[in-house]
There are 2 protein chains.
Amino acid sequence: MISKRDQILDIAERGYRQGGFAGLSFRDIAAALDMKSASVHYHFPHKEDLGKAVVERYTDNLLDNLGAPDAADDSVKIRLARLVEAYRAAYAEGESSCLCAVLGSVSPQLPPAVQEAVNSYFTRLVTWTETALSGAKPNTSLSAAHIISALQGAMILSVAMGDAHYLDDVAEDLAKKSGA
Amino acid sequence: MISKRDQILDIAERGYRQGGFAGLSFRDIAAALDMKSASVHYHFPHKEDLGKAVVERYTDNLLDNLGAPDAADDSVKIRLARLVEAYRAAYAEGESSCLCAVLGSVSPQLPPAVQEAVNSYFTRLVTWTETALSGAKPNTSLSAAHIISALQGAMILSVAMGDAHYLDDVAEDLAKKSGA
DNA sequence: TATTAATTACCTATCGATAGGTAGGTATCA
DNA sequence: TGATACCTACCTATCGATAGGTAATTAATA
């Protein structure tokens, strides 16, 4: 049985990804769970608390799914394929953006704790990708920041145009460049 | 002398880029221009009208700055440099995202007219880039969608991390790949 | 074991602030 | 005189947040 707290986090994550931080209210969440907004405040006193918790859980879940970036029995290609697949799956469920693309693009206007959580998301993800890349042939034009940028951008294009092919193209391109 | 309508558009563009569509109100705009919110409604009756106008002007301005994508006396490298420079300049003034990255990422929740304007932005920009790219050596791994994705993503990283180097790196990489 | 104390997870009701939007009046011009 | 560009004054709906209360569960104690 899934705790009410986690249900709130689920609704909030979906809501933020679809409409941004300012686009989802305590009442929206309460309505979706058939409860009162005051009860949502019980679990997360301030909106900043909720935003922070959503982003942190999102980050932890993603890194869990990605697994170790330095497992000896994985190739660079396999590691990057896991990364790309995570983004494709995220888009596929609900045709919505990466949470941290949505939030990161308006970072200056976010509550400090949420800002920091988003910052941490990107830091951890770039670090993961850098580690995953170590051992790649140096002549390949792959860099961690470039890969994350390309995925984030393609996700936005796909959402804005309602067409997954932008993300698919980047996936294919990355698969090719990461060799056999 | 700059018309009040254009001043509203200026404020709205900056506001949307920093805080998203839901993050800027008629009252915010009025306060910034030392007028009343009812007067903003005089120029743009509904928020949807304002959003649409902001995106359309943004798109037109960008394409104006980019110039013709098929001028005979320009190389592919020069054209792409203009594109990249437009994005770097957009970030530099206010360290804020591309308007259509902010809006596009929450597209499903935007008023229809704004959604269409954002869609049109990406369509026109990808078309421009495709034309600008024609004539490039086919062995280069450059595609219009990839370039736009990379720029949008890097811009988000730069805004979220408060560090322009993500955008700079993509710029450098693109310059290298587009040959002499 | 029975009683008490605390805690959990909600509720109703309300706060001041703010959202988008409107009706109708007023000053300034061609 | 009529259009333009504002204004005052207001509306309804919603925002995040808080106060105060209640039933059910759990922990501690006599």
Side-chain angles (χ1 to χ4, degrees), chain A residues 1-55 57 102-103 106-118, chain B residues 1-55 57 102-103 106 108-117:
Chain A
M1 187 258 188
I2 193 170
S3 78
K4 198 63 94 174
R5 193 193 137 95
D6 282 338
Q7 290 178 51
I8 292 171
L9 254 14
D10 287 341
I11 298 289
E13 180 180 321
R14 198 172 64 204
Y16 290 154
R17 287 178 57 191
Q18 284 173 354
F21 187 70
L24 185 80
S25 70
F26 280 77
R27 281 172 182 77
D28 292 335
I29 296 167
L33 295 174
D34 199 29
M35 61 193 310
K36 300 297 164 177
S37 71
S39 307
V40 182
H41 279 284
Y42 167 77
H43 293 279
F44 302 95
H46 305 280
K47 205 180 180 184
E48 180 168 12
D49 305 321
L50 175 58
K52 185 187 174 198
V54 169
V55 175
R57 192 188 66 153
V102 173
L103 300 187
V106 296
S107 176
Q109 212 215 227
L110 256 24
V114 182
Q115 236 176 80
E116 282 157 30
V118 170
Chain B
M1 185 259 186
I2 198 171
S3 78
K4 198 64 91 173
R5 192 192 138 96
D6 283 338
Q7 290 179 52
I8 292 171
L9 254 15
D10 287 342
I11 297 290
E13 180 180 320
R14 198 172 64 205
Y16 290 155
R17 286 179 56 192
Q18 283 174 356
F21 188 70
L24 185 79
S25 70
F26 280 78
R27 280 172 181 77
D28 292 334
I29 296 167
L33 295 175
D34 198 30
M35 61 195 308
K36 300 296 167 177
S37 71
S39 309
V40 182
H41 279 284
Y42 168 77
H43 293 280
F44 302 96
H46 305 281
K47 204 178 181 185
E48 182 168 10
D49 304 322
L50 175 58
K52 184 188 174 198
V54 169
V55 175
R57 191 188 67 153
V102 173
L103 300 187
V106 296
Q109 212 214 227
L110 255 24
V114 183
Q115 232 176 82
E116 282 157 29

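In what follows, every chain begins at residue 1, and chains take the letters A, B, ... in the order their sequences are listed. From a predicted model like this one, the values you see are computed outputs, not experimental measurements.
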Quickly work out the A/Gln7 CD to C/dC10 P distance and round it to whole Å. 9 Å

State, yes or no, whether a side-chain contact exists between B/Glu116 and B/Lys52 at a heavy-atom distance under 4.5 Å. no

Donor-acceptor contact present, side-chain B/Glu13 to main-chain B/Val54, <3.5 Å: no

Rounded to the Å, how far apart are A/Ile29 CD1 and D/dA17 C1'? 14 Å

Quickly work out the A/Lys36 NZ to D/dA19 P distance and round it to whole Å. 21 Å

Do the side-chain N or O atoms of A/His43 get closer than 4.0 angstrom to the phosphate oxygens (OP1, OP2) of C/dC10? yes

Whole-Å distance separating the CZ atom of A/Arg27 from the P atom of D/dT18: 13 Å

Value in whole Å for how far the P atom of D/dA5 lies from CG of B/Asp6: 12 Å

Under 4.0 Å between any heavy atoms, over every strand shown, what does B/Tyr42 touch: base, sugar-phosphate, or nothing? Just pick one. base

For B/Leu24, answer base if it contacts any base atom (sugar-phosphate contacts may also be present), sugar-phosphate if it contacts only those atoms, and nothing otherwise; contact means non-hydrogen atoms under 4.0 Å. sugar-phosphate

Neighbour count >12 (heavy atoms, 6.0 Å) for atom CZ, B/Arg57: yes

Atom-to-atom span, CZ of B/Phe26 to P of D/dC15 - whole angstrom: 18 Å

With B/Lys36 as the cation and B/Phe26 as the aromatic partner, state whether NZ or CZ is under 6.0 Å from the six-membered ring centre and within 45° of the axis. no

Toward the 5' end of DNA chain D, which comes first, B/Met35 or A/Glu48, by nearest nucleotide? B/Met35

Which whole-number value in Å describes the distance from B/His46 NE2 to C/dG21 P? 6 Å

Main-chain N/O of A/Ser3 paired to A/Asp6 side chain as donor or acceptor, under 3.5 Å: no

Starting at atom NE2 of B/His41, determine the distance to atom C1' of C/dA23, rounded to an integer number of angstrom. 13 Å

With sugar-phosphate meaning primed atoms plus P, OP1 and OP2, does B/Lys47 contact a base, only sugar-phosphate, or nothing at under 4.0 Å between heavy atoms? sugar-phosphate

Closest to the A/Ala38 side chain: D/dA9, C/dA13, D/dC15? C/dA13

Hey, does B/Ser39 reach any base, or is it just sugar-phosphate, or nothing, if we go heavy atoms under 4.0 Å? base

